[in-house]
Asker: 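I am attaching a structure below and will ask some questions about it afterwards.
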2 protein chains.
Amino acid sequence: LRLEKDMKILIVGLGLLGGSYAMALKAKGYHVKAITKDQSSIDYAINRGIIDEGAAEIIPEWVGEADLIIFALYPHIFIEWIKAHNSLLKAGTYITDVTGVKGAVVYEIQKMLPVGVEFISAHPMAGKEVYGVENADDGIFRNANYIVVPTEKNSQRAITLCEDLGRVLGFKSVSRLSVDEHDEMIAFLSQLTHCIAVALMCCHDNPDLDKYTGDSFRDLTRIAKINDEMWSELFVMNKQQLLSQMKIFAARFERLMQNLEAENIDDMRSMMRLSTERRAHFDR
Amino acid sequence: LRLEKDMKILIVGLGLLGGSYAMALKAKGYHVKAITKDQSSIDYAINRGIIDEGAAEIIPEWVGEADLIIFALYPHIFIEWIKAHNSLLKAGTYITDVTGVKGAVVYEIQKMLPVGVEFISAHPMAGKEVYGVENADDGIFRNANYIVVPTEKNSQRAITLCEDLGRVLGFKSVSRLSVDEHDEMIAFLSQLTHCIAVALMCCHDNPDLDKYTGDSFRDLTRIAKINDEMWSELFVMNKQQLLSQMKIFAARFERLMQNLEAENIDDMRSMMRLSTERRAHFDR
């Protein structure tokens, strides 16, 4: 199944990501409707041509007639929305999401859906340290990765539709992971890095730091400006995976510290060479 | 004392930093000589107009007549050079450096110099993950910080000369720190961040990571491509300061881990908000 131009697409939640999805889809010639909680977001998005139609309340017909509904909400709000409104969904509708954790979300959503409505989960690994449709920007997908996360309940049709969505949005790479693989990967690549950045910024209260800062510190802490409501929710929803990754990192860091303490330069250098070699893969 | 256009400037060590210094100074109209170990580096630099004159051996007259000698060498090679050749230095010459650690270098150098030769230490906080004069680029100074690190042995004339050099090179900010302040700052801002990047890359052997990687992981590990010879030397030379900073970071990281374990969302969010607030200073 492909994302055809005549499909009825509805975005629920018009923030940075929902808005960027809308922008990318409109640019490719799709008709895009959106539902979000603030009328001001709808007004902005219509004025800027980011969506075709929008509403600050749930319009049952839009939900019922949609071929594809993209939920761009905080995880717990997504779950609450489906719990409250699943009866509006009609057989034949595909739904997808942008949620950053999967295990705590996907199975619960799939259980609540009416017969004939299929949820195919995806994680667009793109973002910015700003919020709201006012900051929407479909350029964030260009060098980014899109991960489709099917379960055994998903059909091949839904998987190919979702992969097609990733390509239409303009992602550099579209790949597929299981729920567990995804949550482990995300714990390591994204959540752990945010933990590191936060811990680093909590070390010292020196307002003059920026006078002495090189690029490395700036790069490492760019993500230290963090939406505490969203990320604390994502962390707790992926608690076991994230704790495992934090422990692995803490052990490697400890080994480096012991090497320095003991002036074990050989092992210190071998860690540095391993690091250099692995990091070089990213620049290919 | 200002860096006057008729001053005789000699760069010892024509790698990435030495080459970038030469490039910036030539662009501002200074006459630049260089001594380095490989003739190929000299040939390249002369062909590209990066230096005016160069040699792959020590030319005593160049050393003796120089008003300012900039040493852009590994710390231990800098120390060995001065030990072997300090008798070539003539009264009235100022020398400076680019060394990333100060306590283990500055006092030792100052002790070895002939009367009338003054060493004023500086740390240009700029670099790239590539090496050699072939990669020289004076653009790396533009958004970077330059730190002058005087001791009680330094004259005001030398300090102002060195600060002027930082400005002539095109650094965004020129500031001054004591040796201890510098080494503490650098342990935290630069060495610790490199330790984190290395530890992170040592966590997993997954060659497919880049398919799932977001910007955050890429940013955090950019510096994981590390010159193991140089950095292990810098780490050991700044051992106590770096160990202290590593312990502070490990404690904050541990607190975040305990908060997650206990689902203490309030403290987790308060760390995130502190982090966000402090990081915002950097973007002013």
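Letters A, B, ... mirror the listed sequences (proteins, then strands); counts begin at 1.
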Asker: Compare every heavy atom of B:Glu261 with every heavy atom of A:Lys239, then report the nearest pair and how far apart it is.
Answerer: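 Shortest heavy-atom contact: NZ-O, 2.8 Å.
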Asker: Please identify, among A:His204, A:His123, A:Arg218, the residue contributing the most non-hydrogen atom pairs under 4.5 Å to chain B.
Answerer: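 Of the options given, most contacts go to A:His204.
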Asker: Of the backbone (N, CA, C, O) and the side chain (C-beta and beyond), which part of B:Met268 lies under 4.5 Å from a heavy atom of chain A, both, or neither?
Answerer: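 B:Met268 touches chain A through side-chain heavy atoms alone.
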Asker: Grab the two heavy atoms, one from A:Leu220 and one from B:Asp219, that are nearest each other, plus how far apart they are.
Answerer: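 Closest approach of A:Leu220 to B:Asp219, heavy atoms only: CD1-O, 4.5 Å.
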Asker: Go through the atoms of B:Met271 and report whether side chain, backbone, both or neither lie under 4.5 Å from a heavy atom of chain A.
Answerer: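 Contact with chain A is through both the backbone and side chain of B:Met271.
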Asker: Under 4.5 Å, counting heavy-atom pairs only, tell me which of A:Cys203, A:Ala126, A:Ser173 racks up the most with chain B.
Answerer: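 Answer, by heavy-atom pair count under 4.5 Å with chain B: A:Cys203.
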Asker: Counting only heavy atoms closer than 4.5 Å, note whether A:Ile265 contacts chain B via side chain, backbone, both or neither.
Answerer: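 Just the side chain, heavy atoms under 4.5 Å.
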Asker: Say you draw a straight line from CG of A:Leu177 to OH of B:Tyr212; how long is it, rounded to the nearest 0.5 Å?
Answerer: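 Nearest 0.5 Å value for the CG-OH distance: 4.5 Å.
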Asker: Among A:Leu256, A:Ile196, A:Ile186, A:Leu192, which residue forms the greatest number of heavy-atom pairs with chain B at distances under 4.5 Å?
Answerer: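 Most pairs with chain B among the choices: A:Ile196.
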Asker: Need one label for B:Ser216: side chain, backbone, both or neither, based on atoms under 4.5 Å from any heavy atom in chain A.
Answerer: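 For B:Ser216, the contact with chain A is made by backbone and side chain together.
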Asker: Quick one, A:His194 and B:Met272 - any side-chain contact, counting heavy atoms below 4.5 Å?
Answerer: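 Not in contact.
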Asker: Taking 4.5 Å as the heavy-atom cut-off, does anything in residues 134-141 of chain A contact chain B, and if so which residues?
Answerer: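 So far as heavy atoms go, nothing in residues 134-141 of chain A approaches chain B to under 4.5 Å.
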Asker: If the contact rule is any heavy atom under 4.5 Å from chain B, which residues of residues 225-236 of chain A qualify, in numerical order?
Answerer: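 At a heavy-atom separation under 4.5 Å, chain B is reached by A:Lys225, A:Ile226, A:Asp228, A:Glu229, A:Trp231, A:Ser232, A:Phe235, A:Val236.
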Asker: Side chain, backbone, both or neither: which part of B:Asn259 has a heavy atom under 4.5 Å from chain A?
Answerer: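 Looking at B:Asn259, nothing touches chain A.
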Asker: Of the backbone (N, CA, C, O) and the side chain (C-beta and beyond), which part of B:Ala224 lies under 4.5 Å from a heavy atom of chain A, both, or neither?
Answerer: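 Answer is both: backbone and side chain atoms of B:Ala224 are under 4.5 Å from chain A.
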Asker: Under 4.5 Å from any heavy atom of chain A, what part of B:Ser175 do you find: side chain, backbone, both or neither?
Answerer: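 Answer is side chain: those atoms of B:Ser175 sit under 4.5 Å from chain A.
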Asker: Using a cut-off of under 4.5 Å for heavy-atom pairs, which of A:Arg273, A:Glu277, A:His182 has the most such pairs with chain B?
Answerer: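 Of the candidates given, the most pairs with chain B belong to A:Arg273.
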Asker: Are the side chain of B:Arg252 and the backbone N or O of A:Val198 linked by a donor-acceptor pair below 3.5 Å?
Answerer: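 Not at all, since once roles are kept as given, no pair shorter than 3.5 Å links the two residues.
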Asker: Surrounding CZ of A:Arg167 (heavy atoms of other residues, nucleotides or ligands, distance under 6.0 Å), is the total greater than 12?
Answerer: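 Check passes, neighbour count above 12.
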Asker: What part of B:Lys172 is in contact with chain A, defined as an atom under 4.5 angstrom from a non-hydrogen atom: side chain, backbone, both or neither?
Answerer: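 Contact with chain A is through the side chain of B:Lys172 alone.
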Asker: Would you give the length of the straight line joining atom CZ of B:Phe217 to atom CE of A:Met125, rounded to the nearest 0.5 angstrom?
Answerer: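 The distance works out to 10.5 Å.
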Asker: What pair of heavy atoms forms the shortest contact from B:Arg279 to A:Met201, and how long is it?
Answerer: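 Minimum heavy-atom contact is N-CE, 3.6 Å.
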Asker: Out of A:Gly127, A:Ala250, A:Ser275, A:Ala251, which one racks up the most heavy-atom pairs below 4.5 Å with chain B?
Answerer: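 Among A:Gly127, A:Ala250, A:Ser275, A:Ala251, the one with the most close pairs to chain B is A:Ser275.
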Asker: Using heavy-atom distances under 4.5 Å, tell me whether B:Leu274 contacts chain A through its side chain, its backbone, both, or neither.
Answerer: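 Side chain only.
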Asker: Rounded to the nearest 0.5 Å, how far does CE of A:Met257 lie from CG of B:Leu243?
Answerer: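 Answer rounded to 0.5 Å: 7.5 Å.
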Asker: Please round to the nearest 0.5 Å and tell me the distance separating atom CG of A:Leu189 and atom CG of B:Asn206.
Answerer: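 Here the interatomic distance stands at 8.0 Å.
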Asker: State, with a plain yes or no, whether a side-chain heavy atom of B:Phe188 is found less than 4.5 Å away from one of A:Leu200.
Answerer: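 Yes, their side chains come closer than 4.5 Å.
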Asker: Can you tell me which portion of A:Met185 sits under 4.5 Å from chain B's heavy atoms? Options are side chain, backbone, both or neither.
Answerer: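 Just its side chain gets close to chain B.
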Asker: For residues A:Phe253 and B:Phe253, establish whether the separation of their ring centroids is below 6.0 Å.
Answerer: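 No; B:Phe253 has its ring centre 6.0 Å or more from that of A:Phe253.
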Asker: Working to the nearest 0.5 Å, report the span between CZ of A:Phe249 and SG of B:Cys202.
Answerer: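 One gets 10.5 Å once the value is rounded to the nearest 0.5 Å.
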Asker: Considering non-hydrogen atoms only, spot the tightest contact between B:Asp205 and A:Arg278 and give its length.
Answerer: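 Here B:Asp205 and A:Arg278 meet closest at CB-NH2, 3.2 Å.
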Asker: With a 4.5 angstrom heavy-atom cut-off, could you sort out which part of A:Ile223 is near chain B: side chain, backbone, both or neither?
Answerer: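 Just the side chain, heavy atoms under 4.5 Å.
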